[in-house]
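Beneath this line is the structure, given in C-alpha cells, with notes to follow.
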Number of protein chains: 2
Amino acid sequence: MNTDLQSTGLPIAAVERDTGLAKDTLRVWERRYGFPQPTRDLNGERSYPLEQVDKLRLIRRLIDQGLRPSKIIGLDVKALAGMLDEIGKPRDGGDPERSAQFAAILKFVRLHLHEDLRRTLQQLLMKLGLQRFVSEVVAPLNHVVGDAWLRGELEVPEEHLYTEQIQNILRAAISAHTTLRSGRPAVLLTTFPDEQHALGLLMVEATITPEGACCVSLGTQTPLEDIRTAASGGRFDIVAVSFSSAYPARQAIDGLRSLRSGLPEEISLWAGGAALHGAARKLPGITVFESIDALPGALDAWRRTYCATQA
Amino acid sequence: MNTDLQSTGLPIAAVERDTGLAKDTLRVWERRYGFPQPTRDLNGERSYPLEQVDKLRLIRRLIDQGLRPSKIIGLDVKALAGMLDEIGKPRDGGDPERSAQFAAILKFVRLHLHEDLRRTLQQLLMKLGLQRFVSEVVAPLNHVVGDAWLRGELEVPEEHLYTEQIQNILRAAISAHTTLRSGRPAVLLTTFPDEQHALGLLMVEATITPEGACCVSLGTQTPLEDIRTAASGGRFDIVAVSFSSAYPARQAIDGLRSLRSGLPEEISLWAGGAALHGAARKLPGITVFESIDALPGALDAWRRTYCATQA
DNA sequence: GTCAACATTTTGTCCAGGACAAAATATGAA
DNA sequence: TTCATATTTTGTCCTGGACAAAATGTTGAC
C-alpha cells in the first residue's frame, strides 16, 4: 500500500489488481510489444505511470470485447477510446424519454448524488413494477453504465455506487415478495468461480420471484462441483447461472457442459448473460437466455412440462 | 476449467484461487520447506493433489491467525486442525439458549436448509429489533460460522448461503428504515482494495441507520484515493471502513494513517473489524471500534461534538 | 454458399532459481 | 516494562526460456 495517496507510479501487483492483467502478462507484453514500459524504482522494480495504467485498462476492455492485443497495443489512448465508442454505439435506440432519464441517472452516478440516484430509481420501480423495472431500466442501464465504464468515463467508486444502489433496491423489492414457502420451481442461483458479478443473479431473482418461483442464491463464485452437490441435495428444479460480458465464452461453455453432464437429468440448467450470446446451439440440454425478458416465458414452459397445475 | 468435475490434481492457478496463496509463494514453499510437493502432469507442470490443497487451506487459516509458515508447515492435517480448534475456543460463553439457537442455525447452514435458516433469522430479527439482532446474533454468528469454516467444517456454498441470507435480511431491514433525506451524520461506508467482505459494512449500516445516520455504502474494494475524493466531494461527516480478520493488520494501519492524513480534518474516520484489535493506540485521530456495540455511543459523541441539537 | 479438418500464428501461463526488502522475532539498553 | 537495533523469516519481484491453448487462416468436401 502506498504511504502517499499521491504516487508517481504503481507497482506491478497494484496494476494487476487495477487492470485484471496478470503479472506474467504485463511482463510478457513489455517484452513482446514494448508496452507497457514502466520505469524502475530504486530496487529495480517496475513502476507503472498512471497514464500507462489507464491505457492498459482500455486495452483490457477491448480485449474483453474480442479484440487482440497485437492489433491494439500500439494505438494511442484516443484511438482506443474511439474504438470503445464504436462498440458501445449499437445499443440505445429506445424511447427518447427513457433515454433522457438514463442520462440523468448517469449524471447522478458521476456526481455521487446518491440521494437523487436512489430516489429516481425508487420512483421508476414504483411506476413500472419489479419485472418491468428490471427489464426496461436495470438491464439497459447496466449497458449504459458498462459502456461509460468501458470508456473510462466512470471511476471505481462511481461504478460501486451504482451497483450498490441497484442491489439495495432489488433486494428490498425481492424480499417484499414474501415467497411461497415451497413455491415451484425451486431455483438455485449462482455464478462460476471466476465470475464476481452478482447483479445478473439479482435481476433473475427479481424477475421470477414475483412469478412464484422459489429462489435461493448462493452468491458469486461457487465451485462447479459444489453447484452440483448443492443442486442435487437441495431438491432444486432449476439451476440458473449468469455470466457478465467479461467472462471468457469458452470457459462458460465448457463449464456449462460439464455441469450439465454432472447434474441429474430432471434438474434443468438455465444460463444467461452477455458472454453467451449466440452460444445456444453449442449447449444442448441447456436453456440459454438471450434476454431477461425470456424468463417468464421459460418459467411457464417449465411449469407446463413438469407440473400438472399452474401455480 | 476442468472438463471433468472429478480431477486428480489441481493446476497451480486453481490452487492460488482456492487457497489465496500466490503462485510465487506456492513455488517458494516447495523449494524451501518441501511442502507442498505436487506431482507433475504430462507437460511438466505442477498438479496439486486434493489432500495437499486441503492442508494448504488449513495452513493459510493458521497464518491468518498470526502463526508462521516454518512452524506449522511440517505438521500433519490432524495437528493443524487441532490448533485451529484451540484458537476457535476462547469464544462462546454466552446465554445457553442463544448458543443452542446458534447450533441450530449452523446446522441449517450445513444442511442447506435455506427455508429454515431464513425463517429463524427473520424471527430473531423480529424479536430483537435490528440493532440487537446485529450485535447479539449476527456478530457472534459470524464468529461461529467463521470458526467452522476455519476448521473446514463448512464448504464454499454453505458459507455463501449464510452470507447471502444475512445480507438479504440486513438489507431489507435497512431499507425499511426509510432514512431521513439529510440525516446527520452523513456516513460513507466502504472497504480497502484487498478487502472483499461486505458483511461488516452492512452491520454498521444496520446499527447506525436506525439512529438517524444517513449511510451511503460504496461496497467493497474502493481505492484509497477514491475514498478520499468521494468523502471530500460528497459532504460526508464520517468515513467508516471495516476489516475482516484475514486482512493484514499492517496494511490496514498504514492505509488508515494515509487516508487520515489525506482527509480534511473535519471528516471523522471510523474503523473496525477483527484486523484492528488492539491497534487503537497506533491510530491517533481515528476512532477504532473493538465491538459493534460501541457504535451508537460514538454516534452520540459525534453529535454532541459537531451538532448543537440532537437528532 | 456452409462446414469440417488441418496448419499457422498469437497469446497467456508456467517454469527455474536468484535476489532482496519488509515483516516478524530476538536481543540488548534505558 | 518500553524502546531501539540486529537477525531471521518470508513474500514478492526479477529474467528469459518454453510451450499448450486459443484464435485465425487455409484448404477441400459437400
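Under a 3.5 Å cut-off, the side chain of K55(A) and the backbone N or O of L80(A) do not form any donor-acceptor pair. No side-chain donor-acceptor contact under 3.5 Å links R68(A) to the backbone of I63(A). A donor-acceptor pair under 3.5 Å is absent between the side-chain atoms of R257(A) and the main chain of L283(A), judged by distance alone. Judged by distance alone, with hydrogens and angles left aside, the side-chain atoms of S258(B) form no donor-acceptor pair with the main-chain N or O of D254(B) at under 3.5 Å.
If you measure from atom CG of N43(A) to atom C1' of dA22(C), you get 11 Å, rounded to the nearest angstrom. As a whole-Å value, the separation of L42(B) CG from dC15(C) P is 14 Å. Atom CD1 of I12(B) and atom C1' of dG12(C) are 15 Å apart (whole Å). Look at CG on D41(A): it is 12 Å from C1' on dC20(C), rounded to the nearest Å. Rounded to a whole Å, the CG atom of L26(A) is 17 Å from the P atom of dG16(D). Note: CZ (R40(B)) to P (dA18(D)) measures 17 Å, nearest angstrom. Between L21(A) atom CG and dG12(C) atom P there is a gap of 8 Å when expressed in whole angstrom units. The distance between atom CD of E45(A) and atom C1' of dA21(C), rounded to the nearest whole Å, is 8 Å.
Between W270(B) and F289(B), a ring centre-to-centre spacing shorter than 6.0 Å is recorded.
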Checklist entry - Quick one: what's the B/S/- string for nucleotides 4-10 of chain D, heavy-atom cutoff under 4.0 Å, read 5' to 3'? => result -----SB

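For dC13(D), the OP1/OP2 oxygens have a side-chain nitrogen or oxygen of K23(A) closer than 4.0 Å.
The environment of CD in Q37(A) is sparse: at most 12 heavy-atom neighbours from other residues, nucleotides or ligands sit within 6.0 Å.
Side-chain atoms of E195(A) and S244(A) include a donor-acceptor pair closer than 3.5 Å.
Which of dC13(D), dC14(C), dT12(D) sits closest to the side chain of A22(B) comes down to dT12(D). When the nucleotides dG18(C), dA16(C), dC14(C) are ranked by their closest atom to the side chain of R46(B), dA16(C) comes out on top. Here dG16(D) is the nucleotide among dC14(C), dT13(C), dG16(D) with the atom lying nearest to any side-chain atom of R31(A).
Each of D24(A) and A14(A) has a nearest nucleotide on DNA chain D; the 5'-most of these lies closest to A14(A).
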